[in-house]
Amino acid sequence: MGTSSGKDYFYISFRDHRDGKVVSIRAKNVSDSSLGLGFIAISDFIFDTGGVVVNPAEEDLKKRFEGVKTLHLSIYSILSIEEVGP
(Lines give C-alpha, C1' and ligand atoms only; values in the text may rest on other atoms or scores of the structure.)
Protein backbone atom coordinates (compact mmCIF):
# COMPACT_ATOMS: atom_id res chain seq x y z
CA MET A 1 0.00 0.00 0.00
CA GLY A 2 1.16 3.54 0.51
CA THR A 3 0.90 6.83 2.27
CA SER A 4 -0.67 9.89 0.69
CA SER A 5 1.28 13.09 0.20
CA GLY A 6 0.16 16.69 0.31
CA LYS A 7 -3.59 17.09 -0.01
CA ASP A 8 -4.14 13.53 -1.24
CA TYR A 9 -6.24 11.26 0.94
CA PHE A 10 -7.87 7.84 0.83
CA TYR A 11 -11.61 7.10 0.72
CA ILE A 12 -12.19 3.66 2.26
CA SER A 13 -15.47 1.72 2.13
CA PHE A 14 -15.85 -1.37 4.30
CA ARG A 15 -18.52 -3.60 5.78
CA ASP A 16 -18.86 -2.97 9.52
CA HIS A 17 -18.55 -6.13 11.62
CA ARG A 18 -21.07 -4.78 14.17
CA ASP A 19 -24.16 -4.54 11.99
CA GLY A 20 -23.08 -5.43 8.44
CA LYS A 21 -23.66 -1.90 7.12
CA VAL A 22 -21.27 -0.27 4.67
CA VAL A 23 -19.17 2.48 6.27
CA SER A 24 -17.14 5.01 4.29
CA ILE A 25 -14.34 6.99 5.91
CA ARG A 26 -11.53 9.25 4.75
CA ALA A 27 -7.95 8.98 5.99
CA LYS A 28 -4.51 10.33 5.20
CA ASN A 29 -2.67 7.02 5.61
CA VAL A 30 -3.34 3.46 4.44
CA SER A 31 -0.66 0.80 4.79
CA ASP A 32 0.01 -2.86 5.43
CA SER A 33 -0.93 -3.77 8.99
CA SER A 34 1.53 -5.01 11.57
CA LEU A 35 -1.09 -7.66 12.45
CA GLY A 36 -0.28 -9.72 9.37
CA LEU A 37 -1.01 -10.24 5.71
CA GLY A 38 -4.79 -10.29 6.06
CA PHE A 39 -5.12 -6.77 7.45
CA ILE A 40 -4.83 -3.15 6.29
CA ALA A 41 -3.94 -0.29 8.69
CA ILE A 42 -5.84 2.99 8.35
CA SER A 43 -4.81 6.09 10.31
CA ASP A 44 -5.08 9.90 10.43
CA PHE A 45 -8.83 10.07 9.86
CA ILE A 46 -10.37 13.11 8.17
CA PHE A 47 -13.76 14.47 9.26
CA ASP A 48 -15.69 17.48 7.94
CA THR A 49 -17.34 18.75 11.08
CA GLY A 50 -16.28 22.39 11.05
CA GLY A 51 -18.87 23.68 8.58
CA VAL A 52 -22.14 25.48 9.15
CA VAL A 53 -24.20 22.51 7.93
CA VAL A 54 -24.12 19.54 10.32
CA ASN A 55 -23.94 16.07 8.77
CA PRO A 56 -25.23 13.56 11.37
CA ALA A 57 -23.50 10.60 9.69
CA GLU A 58 -20.15 12.40 9.74
CA GLU A 59 -20.64 13.34 13.41
CA ASP A 60 -21.41 9.70 14.28
CA LEU A 61 -18.23 8.53 12.54
CA LYS A 62 -16.18 11.16 14.34
CA LYS A 63 -17.55 10.02 17.71
CA ARG A 64 -17.01 6.35 16.88
CA PHE A 65 -13.38 6.79 15.80
CA GLU A 66 -12.48 9.41 18.38
CA GLY A 67 -9.36 8.24 20.16
CA VAL A 68 -8.63 5.52 17.58
CA LYS A 69 -4.98 5.78 16.56
CA THR A 70 -5.04 3.09 13.86
CA LEU A 71 -7.89 0.99 12.50
CA HIS A 72 -6.85 -2.50 11.38
CA LEU A 73 -9.36 -3.95 8.92
CA SER A 74 -9.52 -7.44 7.47
CA ILE A 75 -9.02 -7.43 3.72
CA TYR A 76 -12.26 -9.40 3.48
CA SER A 77 -14.32 -6.54 4.96
CA ILE A 78 -12.88 -3.86 2.66
CA LEU A 79 -15.01 -3.06 -0.38
CA SER A 80 -12.83 -0.36 -1.94
CA ILE A 81 -9.94 2.01 -1.33
CA GLU A 82 -9.74 5.10 -3.53
CA GLU A 83 -6.84 7.55 -3.51
CA VAL A 84 -8.19 11.06 -4.08
CA GLY A 85 -6.01 14.01 -4.99
CA PRO A 86 -6.32 17.69 -5.76
Side-chain angles (χ1 to χ4, degrees):
M1 291 281 153
T3 302
S4 66
S5 61
K7 294 186 178 185
D8 294 354
Y9 62 90
F10 295 93
Y11 189 79
I12 303 103
S13 295
F14 64 95
R15 190 162 309 277
D16 190 357
H17 71 279
R18 295 179 186 181
D19 55 12
K21 292 183 181 177
V22 174
V23 176
S24 296
I25 58 172
R26 291 180 295 158
K28 293 180 186 176
N29 297 312
V30 173
S31 61
D32 293 331
S33 174
S34 60
L35 297 179
L37 292 174
F39 291 89
I40 299 296
I42 301 165
S43 60
D44 298 327
F45 303 107
I46 302 169
F47 299 105
D48 280 336
T49 57
V52 177
V53 178
V54 176
N55 181 348
E58 190 82 10
E59 287 290 330
D60 290 342
L61 283 175
K62 183 177 179 182
K63 287 178 186 175
R64 176 174 173 191
F65 292 110
E66 187 175 50
V68 174
K69 183 177 176 183
T70 304
L71 175 64
H72 298 270
L73 289 175
S74 165
I75 59 172
Y76 300 107
S77 67
I78 296 173
L79 301 174
S80 67
I81 300 175
E82 301 173 41
E83 185 172 5
V84 181

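Just so you know, residue 1 is the first one in the sequence shown, and it goes up from there. Predicted model, so just to flag it, every value in this text is computed and none were measured.
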Taking 4.0 angstrom as the limit, do Arg26 and Glu82 come out as a salt bridge? no
For residues Phe10 and Ile25, determine if any side-chain heavy atom of one lies less than 4.5 Å from a side-chain heavy atom of the other. no
What pairs meet the side-chain hydrogen bond (donor to acceptor under 3.5 Å, both in side chains) rule with one or both residues in residues 65-81, with sequence neighbours excluded? Ser33-His72
Decide side chain to side chain contact (heavy atoms under 4.5 Å, CB included) for Ile12 and Val30; before the verdict, give the C-alpha distance in whole Å, the side-chain angles of both, and the deciding distance to 0.1 Å. CA-CA 9 Å; Ile12 303 103; Val30 173; 3.9 Å; yes
I'd like to check the ring pair (Phe, Tyr, Trp, His ring centres under 6.0 Å) partners of Tyr11; sequence neighbours left out, ordered by chain and number. none
Of all residues at least two apart in sequence or in a different chain, which pass the salt bridge (Lys or Arg N to Asp or Glu O under 4.0 Å) check with Asp44? none
Please name the pair of heavy atoms, one in Val68 and one in Leu71, separated by the smallest distance, quoted to 0.1 Å. CG1-N, 4.2 Å
With Phe39, which residues qualify under ring pair (Phe, Tyr, Trp, His ring centres under 6.0 Å), at least two apart? none
Report yes if the side chains of Ile42 and Asn29 come closer than 4.5 Å at any heavy-atom pair, otherwise no. no
Can you see which heavy atom on Ile46 is nearest to which on Tyr9, and at what distance? CD1-CB, 3.5 Å
Sequence neighbours left out, what passes salt bridge (Lys or Arg N to Asp or Glu O under 4.0 Å) with Arg15? Give chain and number order. none
Could you pull out all residues at least two apart from Ile75 that satisfy side chain to side chain contact (heavy atoms under 4.5 Å, CB included)? Ile40
pair Arg64-Arg18: side-chain heavy atoms closer than 4.5 Å: yes
Side-chain heavy-atom pair Phe14, Leu79 within 4.5 angstrom cut-off: no
